[in-house]
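When a residue number appears, it is its place in the shown sequence, counting from 1.
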Amino acid sequence: MDDRTTDADATRSTGPTIRLEPYGPADLPTLERQNTPEMTRFLGGPESRAKLLDRHERYQRYWRTGEARMFRIVLDETIGAASGVGVGLIGFWSTTHGGEAVHETGWSVESGYQGHGIARAALQLVLEDARVNGSHRWLLAFPRTDNVGSNALCRSCGFELLGEEAFEYPKGNPIVSNAWRYDLGARG
């Protein structure tokens, strides 16, 4: 842990006990475990080693520049054989949607830890962090329409479904996503 600790580092009192830690130099193994065909099936498939290393550097740079807040999801209780290990990634960054400045969020939890409420707990912590540290009123998520789990997560965390939108992700890979919006509160 470093001096960038925030309220998002606190553990939750309901559901699995997790914490979010700022993504750092030692988190490449967590990113590598996310880069499998199963984990990237809604994201166009695994990235090359070069692209993965670029992503690793970019996530670290985001903290230095303030461009985004990317976190490693750390499990603080035993599920399977894991406790105190990174089991996923989550974060938020600034973008535009419909001509308005907004935050966007994305997440992933390793397959062996899905179904235990970890993504929900992590998303709730990111919502809190975005309320405190974000600069925009809205936080959006864009899970593919066939990603049942991520769409259910948005719904259960209080996001509003805006409708379907066509995207390219990664570039050159057309997909259709649901646009979900969460109100972080008025800014200004």
### Message
Could you go through E67 and T65, starting from their C-alpha distance and side-chain angles, then the distance that decides it, and tell me whether this counts as side-chain hydrogen bond (donor to acceptor under 3.5 Å, both in side chains)?
### Response
CA-CA 5 Å; E67 292 175 68; T65 64; 2.8 Å; yes
What are the two closest heavy atoms between [X] and [Y], and how far apart are they?
{"X": "I18", "Y": "L75", "answer": "CG2-CD1, 4.1 Å"}
{"X": "L153", "Y": "A119", "answer": "CD2-CB, 3.8 Å"}
{"X": "P46", "Y": "T40", "answer": "N-OG1, 3.0 Å"}
{"X": "N147", "Y": "P143", "answer": "CB-CB, 4.5 Å"}
{"X": "L123", "Y": "C157", "answer": "CD2-SG, 3.8 Å"}
{"X": "C154", "Y": "A141", "answer": "SG-CB, 3.8 Å"}

### Parallel, tilted or perpendicular: ring planes of F159 versus Y182, cut at 30 and 60 degrees
tilted
If two hydrophobic side chains count as joined below 4.5 Å and joins carry through other members, does [X] share a cluster with [Y]?
{"X": "F71", "Y": "W93", "value": "yes"}
{"X": "Y59", "Y": "W63", "value": "yes"}
{"X": "I73", "Y": "Y62", "value": "yes"}
{"X": "W107", "Y": "M39", "value": "no"}
{"X": "M70", "Y": "L53", "value": "yes"}

#### Entry: Derivation of the side chain to side chain contact (heavy atoms under 4.5 Å, CB included) call for L31 and L52
CA-CA 8 Å; L31 185 60; L52 196 67; 3.7 Å; yes
Non-hydrogen side-chain atoms of [X] and [Y] separated by less than 4.5 Å:
{"X": "V87", "Y": "V74", "result": "no"}
{"X": "V176", "Y": "R144", "result": "no"}
{"X": "L139", "Y": "V102", "result": "no"}
{"X": "K51", "Y": "H56", "result": "no"}
{"X": "L140", "Y": "W180", "result": "no"}
{"X": "E110", "Y": "Q114", "result": "no"}
{"X": "R69", "Y": "P22", "result": "no"}
{"X": "H103", "Y": "S135", "result": "yes"}

### Query
side chain to side chain contact (heavy atoms under 4.5 Å, CB included) between W138 and L184: does it pass, once the steps are laid out?
CA-CA 6 Å; W138 303 107; L184 296 168; over 6 Å; no
### Task
Return yes if a side-chain donor-acceptor contact under 3.5 Å exists between Q34 and S108, otherwise no.
yes
### Distance-only side-chain donor-acceptor flag, N133 / D129, under 3.5 Å
yes
### Task
Take E160 and R155 through the salt bridge (Lys or Arg N to Asp or Glu O under 4.0 Å) test and state the conclusion after the steps.
CA-CA 7 Å; E160 170 192 10; R155 188 177 301 107; over 6 Å; no
### Full working for ring pair (Phe, Tyr, Trp, His ring centres under 6.0 Å) between F167 and F142
CA-CA 9 Å; F167 279 91; F142 297 97; 4.9 Å; yes
#### Entry: Residue pair F92, H136: steps toward the ring pair (Phe, Tyr, Trp, His ring centres under 6.0 Å) verdict
CA-CA 11 Å; F92 69 94; H136 309 304; 9.4 Å; no
### Task
Please determine if R181 and E104 form a salt bridge, counting it only when a charged side-chain N lies under 4.0 Å from a carboxylate O.
no
### Query
Would you call E57 and R55 a salt bridge, taking side-chain N to carboxylate O under 4.0 Å as the test?
no
### Task
I would like to know whether R72 and L20 meet side chain to side chain contact (heavy atoms under 4.5 Å, CB included); could you show each step before the answer?
CA-CA 6 Å; R72 178 172 63 117; L20 301 181; over 6 Å; no
## Note on the structure
Rounded to the nearest 0.5 Å, the CD1 atom of I118 sits from the OH atom of Y113 at a distance of 8.0 Å
### Message
The test is side-chain hydrogen bond (donor to acceptor under 3.5 Å, both in side chains); show your working for S177 and E165 and say whether it passes.
### Response
CA-CA 5 Å; S177 295; E165 296 190 15; over 6 Å; no
